[in-house]
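Contents: one structure, followed by commentary.
What you are looking at is a predicted structure, and each value in this text was computed from that prediction instead of being measured. Just so we're on the same page: letters track the sequence lines, and every chain starts at 1.
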Protein chains: 2
Amino acid sequence: MSYRDKKVISIGLVSEITGLSVRKIRYYEERKLIFPERSKGGTRKYSFADVERLIDIANHIEDGLQTYEIKRMEAKRLRAQTQPL
Amino acid sequence: MSYRDKKVISIGLVSEITGLSVRKIRYYEERKLIFPERSKGGTRKYSFADVERLIDIANHIEDGLQTYEIKRMEAKRLRAQTQPL
DNA sequence: CGTGTAAGGAATTCTGACACG
DNA sequence: CGTGTAAGGAATTCTGACACG
């Protein structure tokens, strides 16, 4: 696993990097769009891949998509990918 | 700059990853062997490269080297590198 | 010298809820 | 639905110092 996938960034820093509010980041998790890990104390840890994903999600939201639509789109993409025929 | 060099990891997590105590990590900084960044609030942030460097430092310490010796070794290596002749 | 620890304070994060639209 | 916010608590980190060897 590359550095890109290691979950090591706190939510506050992710907020800084992405420009998204902490509230939004937590909400996208609630909607099952993002899956941070937790430290022993319970604090969320994100990877750089998660950061990129959050930016992607935010763009879709800005385009007027709802979270379940974003989730559905992914499911679709995943299916296309695993069943190339 | 690659993900390896982004300073985003808190000292607690670095401690977990490296197995070094927080005290040791701060001490190596005091001795100018490692240079974390600081968040607005003042908390230290390390990169994956820093994590690897800390492990390297710890190995040298275990071998009985003193911090200034480790520092001197690096200076030597840097000189050899910048002046190949 | 390198490292542990107790001390007091400050910054960070967490959850569940109420609000609005 | 998506997001802000105040609330109270818990986890994290910070510094300077004393201790030991």
Both atom distances under 3.5 Å, Watson-Crick or G-U wobble: I'd like the secondary structure of DNA chain C as a dot-bracket string, with | for pairs made across strands. .||||.||.|.|.||.||||.

Check for a donor-acceptor pair, side chain of [X] on one end and backbone N or O of [Y] on the other, with a separation under 3.5 Å.
X: B:D50; Y: B:S47; result: yes
X: A:R53; Y: A:L33; result: yes
X: A:E69; Y: A:Q66; result: yes
X: B:S15; Y: B:I11; result: no

What is the separation between atom [atom1] on [X] and atom [atom2] on [N], rounded to the nearest whole Å?
X: B:Y46; N: D:dT12; atom1: OH; atom2: C1'; answer: 13 Å
X: A:K7; N: C:dT13; atom1: NZ; atom2: C1'; answer: 18 Å
X: A:L33; N: D:dG2; atom1: CG; atom2: P; answer: 9 Å
X: A:N59; N: D:dG2; atom1: CG; atom2: C1'; answer: 16 Å
X: A:K40; N: C:dT12; atom1: NZ; atom2: P; answer: 19 Å
X: A:I25; N: C:dT15; atom1: CD1; atom2: C1'; answer: 17 Å
X: A:I11; N: D:dT12; atom1: CD1; atom2: P; answer: 15 Å
X: B:I9; N: D:dT13; atom1: CD1; atom2: C1'; answer: 16 Å

Considering just the side-chain nitrogens and oxygens of [X], establish if one lies under 4.0 Å of OP1 or OP2 belonging to [N].
X: A:T43; N: C:dT12; answer: no
X: A:S39; N: D:dT12; answer: yes
X: B:R44; N: D:dT13; answer: no

With the side chain counted from C-beta on, respond yes when [X] and [Y] share a heavy-atom pair under 4.5 Å apart, and no when they do not.
X: B:M73; Y: B:L65; value: yes
X: A:K45; Y: A:R38; value: no
X: A:K6; Y: A:M1; value: yes

If you assign A:Y68 and A:G42 each to the DNA chain D nucleotide with the nearest heavy atom, which residue ends up on the more 5' nucleotide? A:Y68

With DNA chain D as reference, determine whether B:G41 or A:Q66 sits nearer its 5' end, using the nearest nucleotide of each. A:Q66

Of the nucleotides D:dT13, C:dC14, C:dG2, which has the atom closest to the A:R26 side chain?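 In terms of side-chain proximity for A:R26, the closest of D:dT13, C:dC14, C:dG2 is C:dC14.
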
Rounded to the nearest 0.5 Å, what separation is found between the CD1 atom of A:I55 and the OG1 atom of A:T18?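 It comes to 6.5 Å.
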
Could you measure the distance from the CD1 atom of A:I34 to the CD1 atom of A:I25? Nearest 0.5 Å is fine. 8.5 Å

Counting primed atoms, P, OP1 and OP2 as sugar-phosphate and everything else as base, the B/S/- map of nucleotides 3-8 of chain D against protein heavy atoms under 4.0 Å is BBB---

